[in-house]
There are 2 protein chains.
Amino acid sequence: MNIGAIRILGVDPGLRNTGWGLIHSQGSRLSFIACGSIRTETGVAMADRLALIHRELTRLIEDSQPEEGAVEETFVNRDPQSALKLGQARGVALAALALGGLKVAEYSANLIKKTVVGVGHAEKDQVAMMIRMLLPTSEAKTPDAADALAVAICHAQHRAARARGAA
Amino acid sequence: MNIGAIRILGVDPGLRNTGWGLIHSQGSRLSFIACGSIRTETGVAMADRLALIHRELTRLIEDSQPEEGAVEETFVNRDPQSALKLGQARGVALAALALGGLKVAEYSANLIKKTVVGVGHAEKDQVAMMIRMLLPTSEAKTPDAADALAVAICHAQHRAARARGAA
């Protein structure tokens, strides 16, 4: 496994807001590159909203050339209709990353919190504080951009741990 | 609305099998062009399976240049985990069609059956028989290719009806 410097793109997919966070990782050293959110309007046709998510992620990958991607596993609640909509945004994000040539890993929300904060049921505030500590120059202006940085950090730490294990 | 000759791409999305059917429509006259199925293997990573669906649909659109797309609304059962998986394939299909420049319509399974056969709870066999009657040269070798032709036929008939209503 490559433990040299790589760029990781974290994505927290959602139909209205898809957060993304780009970090640089070298071994256990992390640094912030950029983050943001892709918003789609509710009045627009579903296919066009999904096409926008694909197009923006594809442009981001072309511009920033990350090597690996990490996507938050969508929380599946009890409403199949909501799960379907979340799934649509998530499918587009996963496909866009793979089509962009990225190796894609998936992490559950609990594992992300446990990795970043140390406990699986951490509050949003604790996650935000840890992101500021680990990536001091980051400025996540939306919750989904912060979540995307968290999944990128989670992936960086897991791949570093795997590399140590394999060494 | 264009009631001249157009090509319609019908899609029945699914993670394992995504059916597609391409027809030619001029007013109420229909003819078969092609149909098939995009299969993905269960052992492959989710992002790569979804990327394959996107890539194959994009290639199909580039090769056959359809003007409009019609997608079957995914049946949402009681299991949110299944709904999420179906949603992922469906999202990729909707985005691929919109990114290919197609105007995309969505139809529920019941409306498709009602339009093609005349009753909303028609059996698979009745739908298959009507497809053979309406598109005599068609050869749908898989159930999802047949379903994709059915959604394409449904869209052709609805747009013809809308054009008559608007005339």
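Below, all heavy atoms of this structure are taken into account, side chains as well, without hydrogens, waters or symmetry copies. Note on naming: letters A, B, ... go to the chains in the order of the sequence lines (proteins, then strands), and numbering restarts at 1 for each one. In this text, all values refer to a predicted model and were calculated from it rather than measured experimentally.
Heavy-atom pairs under 4.5 Å with chain A were tallied for B:R49, B:R90, B:K85; the largest tally goes to B:R90. The choice from B:D79, B:I53, B:L84 that makes the most heavy-atom pairs within less than 4.5 Å of chain A is B:L84. When each of B:L102, B:L50, B:D48, B:L99 is scored by its heavy-atom pairs under 4.5 Å with chain A, the top score falls to B:L99.
Taking each heavy atom of B:A51 and A:A98 in turn, the nearest pair found is CB-CB, 3.7 Å. Minimum heavy-atom separation, B:L94 to A:A47: O-CB, 3.6 Å.
The hydrophobic cluster containing B:I61 does not contain B:I8, counting ILVMFWY residues as joined when their side-chain heavy atoms lie under 4.5 angstrom apart, directly or transitively. Linking ILVMFWY side-chain heavy atoms closer than 4.5 Å, directly or via other members, places B:V151 and B:V104 in two distinct hydrophobic clusters. A continuous path of Ile, Leu, Val, Met, Phe, Trp and Tyr side chains, each step under 4.5 Å between heavy atoms, connects A:L30 with A:V117, placing both in one hydrophobic cluster. Each of B:L9 and B:F32 belongs to its own hydrophobic cluster when Ile, Leu, Val, Met, Phe, Trp and Tyr are linked at side-chain heavy-atom distances under 4.5 angstrom. In this structure, B:I153 is a member of the same hydrophobic cluster as B:V119, with clusters built from ILVMFWY side-chain heavy atoms closer than 4.5 Å.
With a 4.5 Å cut-off on side-chain heavy atoms, B:E106 and A:M46 count as touching.
More than 12 heavy atoms of other residues, nucleotides or ligands lie within 6.0 Å of NZ in A:K113, so this atom counts as buried by the packing criterion.
Contacts between A:L97 and chain B at a heavy-atom distance below 4.5 Å are absent for every atom of the residue. With a 4.5 angstrom heavy-atom cutoff, B:V92 touches chain A via backbone and side-chain atoms both.
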